[in-house]
Amino acid sequence: MGKRALVLLVALLLAGLAAFAVFQFLENYRAGEDEKREFSPVFRAAAAIAEGTNGEVALQTQLIVAGEENVADMPEGAITTQEELEATLRGKLAAGPIDKNAIITRSQWVSVTVEVKPLATQIPSGKQAMTISTDAVRGINGFVEPGDRVNLIITVDIEFDQIPVDSPIFGVPSGQTPGGEGQTPADQQQTETITYTRYVLQGLPVLAVGRDIRPEEGETPAVEVTPTTVAGEAGAQPEAPETIFTLEVSPEEAERLAYSFENGSVWLTLVPSDFVKVDTQGVTIETLFTGDIVEDIFG
C-alpha cells in the first residue's frame with residue numbers, strides 16, 4: 001500500500017470516529033433534554049370546527065380527539081382531562097373557527113345567555129296559544145316568521161244531509177230533494193258527500209315558529225346561531241324548514257282550528273301586515289271552473 005493511500009485511510013477512519021462522537025453527543029443531549037421535558041394530555045381538533053358549532057355536537061361527532069403536548073408548549077387554558085372537556089363544551093358554542101390539529105382550550109367555547117321569558121307573557125288577555133304542524137309545502141316552506149300572520153284554508157268532506165238543500169253553492173235547486181221524484185222518504189235521506197274548500201280562519205298572529213318566540217314591541221329580534229356541518233362529513237343533510245307554528249287564537253278560533261286539523265286537510269297562506277279579511281264562498285267541484293261543468297265536458 002502506498003504512503004498516500006495509507007494517509008487517506010487514516011483520515012477516513014478519523015473522520016468516521018469524529019462523526020460517531022458527534023452523533024453520540026447529540027443523542028445523549030437529546031435524551032437528557034427529553035428527560036427534562038414534561039408531557040401532558042391535550043385534546044385537538046380532528047377537523048376544522050366552524051364558528052357557532054355546538055360543543056355537544058362536537059363531542060358526539062368525534063370532532064375532537066385526544067393527544068399529548070409538551071407542557072412548556074401548551075397554550076393557556078388547554079383542556080387536559082375528559083371530564084374537563086365535557087364540562088367545558090356542554091351547553092357552549094365555538095366562539096370562533098378552530099383550525100384542524102389546534103389544541104382545544106376553554107376560551108374557545110362560550111355560553112349563549114338569553115333572558116328567558118315565559119310565552120304566556122306574550123299572550124294578550126282573552127287569547128290563547130295553540131300549536132299546529134304542517135309539512136313544508138302546506139306550511140309555506142319555512143318562510144313564516146314569529147310576528148307574521150297566516151290564514152288557514154280547509155278542504156273537508158261534507159255529507160249532503162248536513163247542509164241546506166236549497167244552497168246555490170252546491171247546485172241543488174230549491175224545492176227539490178237529493179233523491180228526486182218517485183223515491184221513498186228513506187231513499188231521500190240517503191247522504192251524498194261534497195268536497196268543499198274554504199278559508200276557515202284568517203289573520204291569525206304567529207306567536208312562535210319552532211322555539212323561536214315573537215319579539216315584543218321595541219325588542220331586537222334574537223339571532224339564532226346554527227351549527228355548520230363540517231365539509232365532507234358523512235351523512236350531512238340540509239336542514240328542513242321549520243313547520244311547527246304556535247298561533248294566537250281566541251277560544252272559538254281554537255275550537256275551529258282543532259276541528260279543521262282533526263277532520264280536514266289544511267293549507268296555510270302568509271299574508272302582509274296590511275292584510276284585510278275577505279269573505280269568500282268557498283269552492284266545490286261545481287264552482288271550481290267557470291260555466292257549466294257538465295255542459296263544458298259533454299256539450
Side-chain angles (χ1 to χ4, degrees), residues 126-144 148-210 240-272 275-299:
K127 297 285 188 175
Q128 303 177 11
M130 189 170 184
T131 298
I132 63 172
S133 177
T134 69
D135 59 35
V137 175
R138 295 170 190 262
I140 320 173
N141 197 32
F143 289 110
V144 179
D148 286 340
R149 291 197 295 167
V150 295
N151 292 349
L152 279 82
I153 302 173
I154 183 174
T155 297
V156 62
D157 291 336
I158 305 175
E159 289 187 352
F160 198 78
D161 62 357
Q162 295 177 351
I163 59 176
V165 295
D166 59 351
S167 171
I169 299 176
F170 302 99
V172 183
S174 177
Q176 295 186 18
T177 59
E181 296 181 359
Q183 291 187 335
T184 65
D187 293 329
Q188 293 175 1
Q189 292 176 0
Q190 199 170 18
T191 60
E192 180 179 347
T193 301
I194 298 295
T195 301
Y196 187 44
T197 299
R198 189 173 182 177
Y199 282 104
V200 63
L201 292 167
Q202 299 186 48
L204 295 180
V206 180
L207 275 174
V209 177
E242 186 63 76
T243 54
I244 298 177
F245 311 109
T246 301
L247 307 178
E248 177 188 303
V249 295
S250 67
E252 180 190 13
E253 290 170 335
E255 292 174 343
R256 297 171 68 186
L257 194 60
Y259 186 92
S260 298
F261 275 89
E262 291 290 340
N263 296 279
S265 174
V266 177
W267 288 72
L268 302 185
T269 65
L270 178 63
V271 298
F275 165 77
V276 177
K277 291 184 179 180
V278 295
D279 187 19
T280 66
Q281 293 298 308
V283 175
T284 69
I285 188 61
E286 297 288 342
T287 59
L288 180 60
F289 305 100
T290 58
D292 188 326
I293 186 171
V294 176
E295 178 68 21
D296 290 343
I297 294 175
F298 298 104

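- Here Gln202 pairs with nothing under the side-chain hydrogen bond (donor to acceptor under 3.5 Å, both in side chains) rule; sequence neighbours left out.
- Minimum interatomic distance between Ala254 and Val249 (heavy atoms only, all atoms of both residues): CB-CG2, 3.9 Å.
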Could you walk me through whether Leu204 and Phe245 pass the side-chain contact (heavy atoms from CB on, under 4.5 Å) check? CA-CA 11 Å; Leu204 295 180; Phe245 311 109; over 6 Å; no
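- Smallest separation of non-hydrogen atoms from Leu207 and Ala129: CD1-CB, 3.7 Å.
- Taking every heavy atom of both residues into account, Leu270 and Phe143 meet most closely at CD2-O, 4.0 Å.
- The side-chain hydrogen bond (donor to acceptor under 3.5 Å, both in side chains) search around Thr131 returns Thr246, not counting sequence neighbours.
- Note that the OG1 atom of Thr269 and the CG atom of Leu152 stand 8.0 Å from one another [nearest 0.5 Å].
- For residues 254-268, the set of pairs meeting the side-chain hydrogen bond (donor to acceptor under 3.5 Å, both in side chains) definition, not counting sequence neighbours, comprises Arg138-Ser265.
- Here the closest heavy-atom approach between residue Pro251 and residue Gln128 is recorded as CG-NE2, 3.5 Å.
- Remark: Ile194 CD1 to Glu159 CD distance equals 11.0 Å, nearest 0.5 Å.
- The two residues Thr134 and Thr243 make their nearest non-hydrogen contact at O-OG1, 2.8 Å.
- The distance from the CZ atom of Arg149 to the CG atom of Leu268 is 14.5 Å, given to the nearest 0.5 Å.
- If you take CG on Asp135 and CG on Asn141, they are separated by 10.0 Å, rounding to the nearest 0.5 Å.
- Using a 4.5 Å cut-off on side-chain heavy atoms (C-beta onward), Val200 and Ile153 make no contact.
- Of all heavy-atom pairs spanning Lys127 and Glu253, the tightest one is NZ-OE1, 4.0 Å.
- Atoms OH and CD, from Tyr196 and Gln281 in turn, are 6.5 Å apart once rounded to the nearest 0.5 Å.
- Remark: Lys277 NZ to Leu201 CG distance equals 8.0 Å, nearest 0.5 Å.
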